[in-house]
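Report on one structure; see the data block that follows.
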Amino acid sequence: MKRILKGVGLLLGVLVGLVVVAAGVLYVRTGMKLNKTYEVTPAVTSVRADSVQLARGNHLAQILFCNECHGEGMAGNVMVDAPPFRMIAPNLTAGAGGIGRTFTDADWDRALRHGVGPDGKVNIVMPAPMFHHLSDADAEALIAYLKTLEPVDNELAPTEIRFLGRVLFNFMLDVEQYAVAAHTPVTHPTPGPTRDYGQYLTSIACTECHGEDLRGGPSFAPEGPPVPDLTAAGAWTFDLFKTALRDGVRPSGQAIDPEWMPVEAFQHMTDDEMQAIHQYLQTLPDQAVVAAN
Ligand code: HEC
Ligand code: HEC
């Protein structure tokens, strides 16, 4: 009996040892990905700040839902505080604890369109791969506006990813996907209710969740709803589409959950912008209907 116990004990010991080694390997692997540095040459190096540019930047900041994560006035926000990690979206203002104090125009662009900090390391969770689609002109407008944010003193302890968090990230979060080192120059089409401008708007405001092809996919958190394919919404009348975006209500009367879709931010879209997006969605190949037949 004792012998068996001893054997079991030994086996358990080996198993525990293996688990510890595996966790250690995952810990180191995520650490390497988080500490990897990316060489980025920001295309925006100087920013004018005339009233037209500032107004454009302000509007973009609203519809690109920055404050959903960075908090009221972009003064910083604790997004998650759980045992595996504490994640903050930093204070973007020039108040105490804010990056606006030190960021150069190039630093802003590197963070915004490349997801990389001044130290060359990736900024996780920040949807830079989507903002990567911003044109140089719009990136400049956004940066011009961010530099005028009302300074707010808010010193937050930095993001901390603890042992378990690092191990979990191997399964939950592809850390490297948040960094986009290359610069792909984009010139945005003239704003107006056109398909082309709609395509541009979806690229900067919808693709992070609905996918590059807007076909949706599984939910991004176990407790979240699946992300819908937007071709169906293209088939709604414009009025119904507008109600969905502005009031967060689908044609069926069912609400679009503001917890998972930035409905509040999209309320700031103009009718022209909604029309442009609607026009673009109508031109997506109708795979949903094909699949249903
Ligand atoms: C989904 C949440 C989310 C949204 C939306 C978001 N951010 Fe972020 N952002 C973050 C997080 C989280 C970080 C910090 C990442 C880290 O520390 O690894 C961050 C980092 C940044 C940084 C770099 C800060 C630093 O300390 O280096 C800038 C600049 C920034 N965001 C600007 C913006 C702007 C401008 C917008 C809107 C156009 C925006 N963010 C939208 C979550 C978000
Ligand atoms: C942060 C993630 C996120 C972003 C960004 C986002 N959506 Fe969504 N969207 C969702 C999720 C999740 C749902 C499903 C919500 C639910 O089931 O309540 C949804 C639902 C919708 C619906 C309802 C579709 C249907 O068939 O029921 C429409 C329409 C929609 N989104 C349009 C857009 C448009 C247009 C944009 C860009 C301007 C956009 N979304 C950007 C996450 C997002």
Side-chain angles (χ1 to χ4, degrees), residues 34 57 60-71 74 76-80 85-92 97-100 102-103 107-128 130-131 134 138-139 142-143 145-146 149 156 158-161 173 175 178-179 198 201-211 214 216-221 224-236 240-246 248-252 254-263 265-266 269 273-274 276-278 280-281 288:
L34 288 169
L60 286 169
Q62 285 178 326
I63 66 172
L64 299 182
F65 55 96
C66 316
N67 62 3
E68 294 248 343
C69 297
H70 289 276
M74 313 248 203
N77 173 34
V78 180
M79 292 180 66
V80 191
F85 41 79
R86 177 179 184 279
M87 180 162 296
I88 66 145
N91 177 354
L92 300 184
I99 58 159
T102 55
F103 261 36
D107 289 339
W108 281 112
D109 193 24
R110 195 185 291 104
L112 188 62
R113 288 194 292 175
H114 301 278
V116 172
D119 59 1
K121 291 182 191 169
V122 60
N123 281 324
I124 51 171
V125 177
M126 159 83 181
M130 177 166 79
F131 301 150
L134 280 164
D138 276 350
L142 199 44
I143 292 167
Y145 167 71
L146 292 167
L149 287 173
L156 295 167
T159 287
E160 201 183 318
I161 299 157
L173 196 72
V175 169
Y178 291 102
L201 287 175
T202 60
S203 77
I204 61 172
C206 318
T207 51
E208 181 78 8
C209 305
H210 290 277
L214 303 178
S219 66
F220 22 71
V227 186
D229 179 336
L230 290 186
T231 25
W236 301 343
L240 289 174
F241 181 71
K242 195 168 119 178
T243 303
L245 276 197
R246 193 154 286 155
V249 181
R250 295 172 166 102
S252 65
Q254 194 198 7
I256 300 176
D257 192 341
E259 191 79 31
W260 298 98
M261 151 113 169
V263 178
F266 295 157
M269 280 191 186
E273 285 171 330
M274 293 192 185
I277 293 175
H278 188 240
Y280 175 59
L281 295 183

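For ligands, and for the atoms within them, numbers begin at 1 and follow the listed sequence. Residues take their numbers from the sequence shown, with the count starting at 1. Keep in mind it's a predicted model, so treat the numbers as computed, not measured.
Contacts between Met269 and ligand 2, counted as non-hydrogen atom pairs separated by less than 4.0 Å, involve the side chain only. Looking at Leu230 against ligand 2, only its side chain comes within 4.0 Å, counting heavy atoms. Of all the heavy atoms of Tyr280, none lies under 4.0 Å from any atom of ligand 2, so neither backbone nor side chain is involved. Residue contacts with ligand 2, taken as heavy atom pairs separated by less than 4.0 Å, do not involve Ser219 at all. For Ala233, every heavy-atom contact with ligand 2 shorter than 4.0 Å involves the side chain, none the backbone.
Less than 4.0 angstrom separates some heavy atom of Phe65 from each of these atoms of ligand 1: 5 (C). Close approach to Cys209 involves these atoms of ligand 2, each under 4.0 Å from a residue heavy atom: 1 (C), 2 (C), 3 (C), 4 (C), 5 (C), 42 (C), 43 (C). Numbered from 1 in the order shown, with element, the atoms of ligand 1 that lie under 4.0 Å from a heavy atom of Ile99 read 24 (C), 25 (C), 26 (O), 29 (C). Proximity to Trp108 (heavy-atom distance under 4.0 Å) selects the following atoms of ligand 1: 29 (C). Heavy-atom proximity to Met79, at under 4.0 Å, picks out these atoms of ligand 1: 2 (C), 12 (C).
Aromatic ring orientation, Trp260 versus Phe220: tilted (interplanar angle from 30° to 60°). Using bins of under 30°, 30° to 60° and over 60° for the plane-to-plane angle, the ring pair Phe241/Trp236 lands in the tilted bin.
A donor-acceptor pair is defined here as one N or O able to donate and one able to accept, closer than 3.5 Å; such a pair exists between the side chain of Asn77 and the backbone of Cys69. No donor-acceptor pair under 3.5 Å is formed between the side chain of His114 and the backbone N or O of Asp109. Between the side chain of Arg86 and the backbone N or O of Thr159 there is no donor-acceptor pair closer than 3.5 Å. Within the 3.5 Å criterion, the main-chain N or O of Met269 finds a donor-acceptor partner in the side chain of Arg246.
Residue Val125 comes nearest to Met79 through the heavy atom pair CG1-CE, 4.1 Å, listed as atom of the first residue, atom of the second, then distance. Closest of all the heavy-atom pairs between Glu68 and Ala265 is OE2-N, 4.4 Å. The shortest non-hydrogen separation linking Ala111 to Met126 is O-CE, 3.9 Å. The shortest non-hydrogen separation linking Ala233 to Leu281 is CB-CD1, 4.4 Å. Counting all heavy atoms, side chain and backbone alike, Phe85 lies closest to Ile161 at CB-CA, 4.0 Å.
The nearest heavy-atom contact from the protein to atom 27 (O) of ligand 1 is Phe103 CZ, 3.5 Å. Taking atom 23 (C) of ligand 2 as the reference point, the nearest protein heavy-atom neighbour is Ile256 CD1, 3.6 Å. Among all protein heavy atoms, the one lying closest to atom 18 (O) of ligand 1 is Ile124 N, 2.9 Å. The protein atom (non-hydrogen) at minimum distance from atom 16 (C) of ligand 2 is Arg250 NH2, 3.3 Å. Of all protein heavy atoms, the one lying nearest to atom 17 (O) of ligand 1 is Thr159 OG1, 3.9 Å.
The shortest N or O to N or O distance between Asp257 and ligand 2 is below 3.5 Å.
When the heavy atoms of Gly216, Ala205, Cys206 are ranked by distance to atom 38 (C) of ligand 2, first place goes to Cys206. If you check each of Phe241, Trp260, Phe266 against atom 42 (C) of ligand 2, the one with the closest non-hydrogen atom is Trp260. One option in Pro228, Pro258, Ala235, Ala255 has a heavy atom closer to atom 13 (C) of ligand 2 than any other, and that option is Pro228.
How far CD1 of Ile204 is from CG of Leu64: 5.0 Å, rounded to the nearest 0.5 Å. Separation of atoms CG (Leu92) and CZ (Phe103) is listed at 8.5 Å; rounding is to 0.5 Å. Within the model, atoms NZ of Lys242 and CD1 of Ile277 stand 13.5 Å from one another, a figure rounded to the nearest 0.5 Å. Once rounded to the nearest 0.5 Å, the distance linking CG of Leu34 with CG of Asn123 reads 11.0 Å. Taken from CG in Leu230 to OG1 in Thr207, the straight-line distance is 10.5 Å, to the nearest 0.5 Å. Residue His70 holds its NE2 atom at 10.5 Å from CZ of Phe65, rounded to the nearest 0.5 Å.
Distances from ligand 2 to the non-hydrogen atoms of Pro262 include at least one value under 4.0 Å. Residue Ile88 places a heavy atom less than 4.0 Å from ligand 1. Contact annotation: Glu208 has no heavy atom less than 4.0 Å from any atom of ligand 2.
Note: angle at atom 8 (Fe) of ligand 2, from SD of Met261 to NE2 of His210, is 180° (rounded to 10 degrees).
Inspection of the environment of atom 8 (Fe) of ligand 1 yields the following protein N, O or S atoms under 2.8 Å: His70 NE2, Met126 SD.
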